[in-house]
Amino acid sequence: MWRGRYVSSRRIRPSILPGRPCSSAVARALIFRCRCSDWGLEMGIENRVALITGSASGMGLQTAQRFAEKGAAVVINDIDAQKVHDTVETFRASGFRVLGAVADISNKTAVEGMVQRVVDEFGRIDVLVNNAGMERAGALRKLSEADWDITINVNLKGTFLCSQAVHSHMVNNKHGRIINIASRAWLGGAGQSPYSSAKAGVVGMTRALAIELGRGGITVNCIAPGLIHTPMWDELPEKDQRFLLSRQPTGKLGDPDDIAQTVLFLADDEAGFVSGQVLYVCGGRSLFAG
């Protein structure tokens with residue numbers, strides 16, 4: 001199985017390395033790009049390397065599946081080692097190029113180790129999808145400091161740490177796509193003060209990084225999903241599900257593939273002039289808050 005390890009220096013064209021040494025990871029990336037050109041392969045989604053956090057279930061899993069089907073090498077990340085193992089085995093059985101990475105995205109050391117492992121394996125990172133997230137909901141008077149901390153750490157701090165860790169690798173390649181998964185909830189919602197705050201931070205970070213990183217060939221965009229049928233939805237009490245659907249303009253849930261296809265669009269080379277945007281995939285739910 002292909003694992004991105006093209007390391008023979010005899011295949012490096014002289015014009016690629018202008019008389020100066022480079023790391024083995026950079027060499028592998030350059031060699032791989034040369035061979036893609038030699039073989040006539042496009043570098044839209046096919047042959048890209050995509051790191052998708054929280055990709056062992058739900059929207060992240062569907063997104064990883066779509067990237068793999070398009071010919072990308074995908075990195076499956078989750079904090080649950082068994083879920084990562086099972087997902088990687090399923091992908092490998094389908095002939096996909098895949099790497100498993102168990103890591104807590106709210107931990108800087110863990111994130112840096114994960115990113116370095118990806119670069120060691122594939123030579124580069126082209127796409128980062130900051131998908132991992134969680135919610136602690138409840139009335140303000142009932143929420144604990146721990147509820148606030150874990151919601152901010154996973155949703156906001158994790159997005160920051162992962163973006164920071166991949167930044168230099170994307171700059172070196174003069175190409176990168178950072179796609180943040182926020183939520184329609186950033187507009188506000190009763191009982192969602194930690195989650196709405198975290199996702200509003202993700203939107204602000206998206207806009208700031210789009211300005212900061214644009215000249216390095218990196219686009220940064222944000223997707224704000226609405227009600228999507230994921231394991232988080234299934235855990236809600238039935239009365240809460242009925243209430244939320246009653247406020248949904250389309251009257252139905254979205255599918256994880258609705259998010260995956262939107263991520264693919266933003267990751268493609270053809271979306272290279274789209275940056276700093278918040279794209280709602282919510283069936284019209286963003287038209288009003290609450």
Side-chain angles (χ1 to χ4, degrees), residues 1-6 23-26 28-29 32 45 47-134 150 153-170 172-173 175-181 202 218 230-231 256 259-260 263-264 267:
M1 182 176 65
W2 180 88
R3 295 176 67 82
R5 295 189 178 277
Y6 296 112
S23 69
S24 59
V26 172
R28 285 196 297 274
F32 182 60
I45 300 298
N47 304 306
R48 294 294 188 189
V49 178
L51 167 58
I52 305 161
T53 66
S55 49
S57 64
M59 296 186 300
L61 175 57
Q62 185 64 24
T63 300
Q65 177 78 23
R66 291 305 186 196
F67 269 91
E69 290 171 352
K70 290 287 187 179
V74 296
V75 182
I76 303 297
N77 159 259
D78 200 278
I79 198 170
D80 188 319
Q82 188 61 52
K83 284 185 178 181
V84 171
H85 175 270
D86 293 345
T87 303
V88 168
E89 290 302 304
T90 299
F91 275 48
R92 284 178 177 163
S94 299
F96 297 145
R97 291 172 286 156
V98 61
L99 175 69
V102 179
D104 175 2
I105 62 164
S106 67
N107 182 287
K108 182 179 178 66
T109 300
V111 168
E112 290 177 343
M114 173 177 66
V115 168
Q116 188 57 55
R117 186 179 171 208
V118 175
V119 174
D120 289 344
E121 183 71 15
F122 295 117
R124 67 184 196 281
I125 297 178
D126 300 303
V127 180
L128 168 65
V129 183
N130 283 308
N131 167 78
M134 57 80 62
I150 192 171
N153 285 344
V154 174
N155 292 286
L156 183 56
K157 181 181 177 183
T159 296
F160 167 77
L161 291 176
C162 290
S163 300
Q164 186 180 56
V166 304
H167 163 251
S168 62
H169 301 289
M170 291 182 174
N172 288 341
N173 290 329
H175 175 279
R177 298 284 186 268
I178 297 176
I179 302 163
N180 299 323
I181 306 299
V202 170
I218 302 169
T230 66
I259 306 304
V263 173
L264 285 178

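When reading the values below, keep in mind they use all heavy atoms of this one structure, side chains included, and skip hydrogens, waters and symmetry mates.
Atom-to-atom distance recorded for S163:OG and I179:CD1 is 11.0 Å, nearest 0.5 angstrom. The structure places CD1 of I52 at 12.5 Å from SG of C162, a figure rounded to the nearest 0.5 Å. One distance of note links NZ of K108 with NZ of K157; it measures 9.5 Å at 0.5 Å rounding. Here CZ of F96 is found 12.5 Å from OG1 of T87. Values are rounded to the nearest 0.5 Å. For the atom pair CZ of R177 and CZ of R48, the computed distance is 7.5 Å after rounding to the nearest 0.5 Å.
Proximity of a side-chain donor or acceptor of D126 to a complementary backbone N or O of G176 within less than 3.5 Å is not detected. At distances below 3.5 Å, at least one donor-acceptor pair connects side-chain atoms of D78 with backbone N or O atoms of D80. Of the possible polar contacts, none joining the S55 side chain to the L61 backbone as a donor-acceptor pair under 3.5 Å is found. No donor-acceptor pair closer than 3.5 Å links the side chain of N180 to the backbone N or O of N130.
Closest of all the heavy-atom pairs between N131 and T53 is N-OG1, 2.9 Å. Of all heavy-atom pairs between A103 and A110, the closest is CB-O, 4.0 Å. When all heavy atoms are compared, the tightest approach of N155 to A132 is OD1-O, 4.3 Å. For I218 against M170, the heavy-atom pair with the smallest separation is CD1-CB, 3.6 Å. G100 and V84 get closest at one heavy-atom pair: CA-CG1, 3.7 Å. Heavy-atom minimum distance, P256 versus M59: CB-CA, 4.0 Å.
Side chains of V118 and H169 form no contact here, defined as non-hydrogen atoms less than 4.5 Å apart. Counting heavy atoms from C-beta on, the side chains of V115 and H167 never come closer than 4.5 Å. Under the 4.5 Å side-chain criterion, counting only non-hydrogen atoms from C-beta, V88 is not in contact with L99. Two residues are said to be in side-chain contact when any heavy atoms from C-beta on lie closer than 4.5 Å; L161 and I105 fail this criterion.
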side-chain contact (heavy atoms from CB on, under 4.5 Å) between N47 and R97, worked out: CA-CA 10 Å; N47 304 306; R97 291 172 286 156; 3.7 Å; yes
Take E69 and Q65 through the test side chain to side chain donor-acceptor pair (under 3.5 Å) and record every step on the way to the result. CA-CA 6 Å; E69 290 171 352; Q65 177 78 23; 2.9 Å; yes
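Annotation: side chain to side chain contact (heavy atoms under 4.5 Å, CB included) contacts of L264 (sequence neighbours excluded): I45, R66, F67, K70, Q261. A search for ring-ring contact (aromatic ring centres under 6.0 Å, His included) contacts involving F160 returns nothing, not counting sequence neighbours.
Between R117 and E121 no salt bridge is recorded (no basic side-chain N to carboxylate O distance below 4.0 Å).
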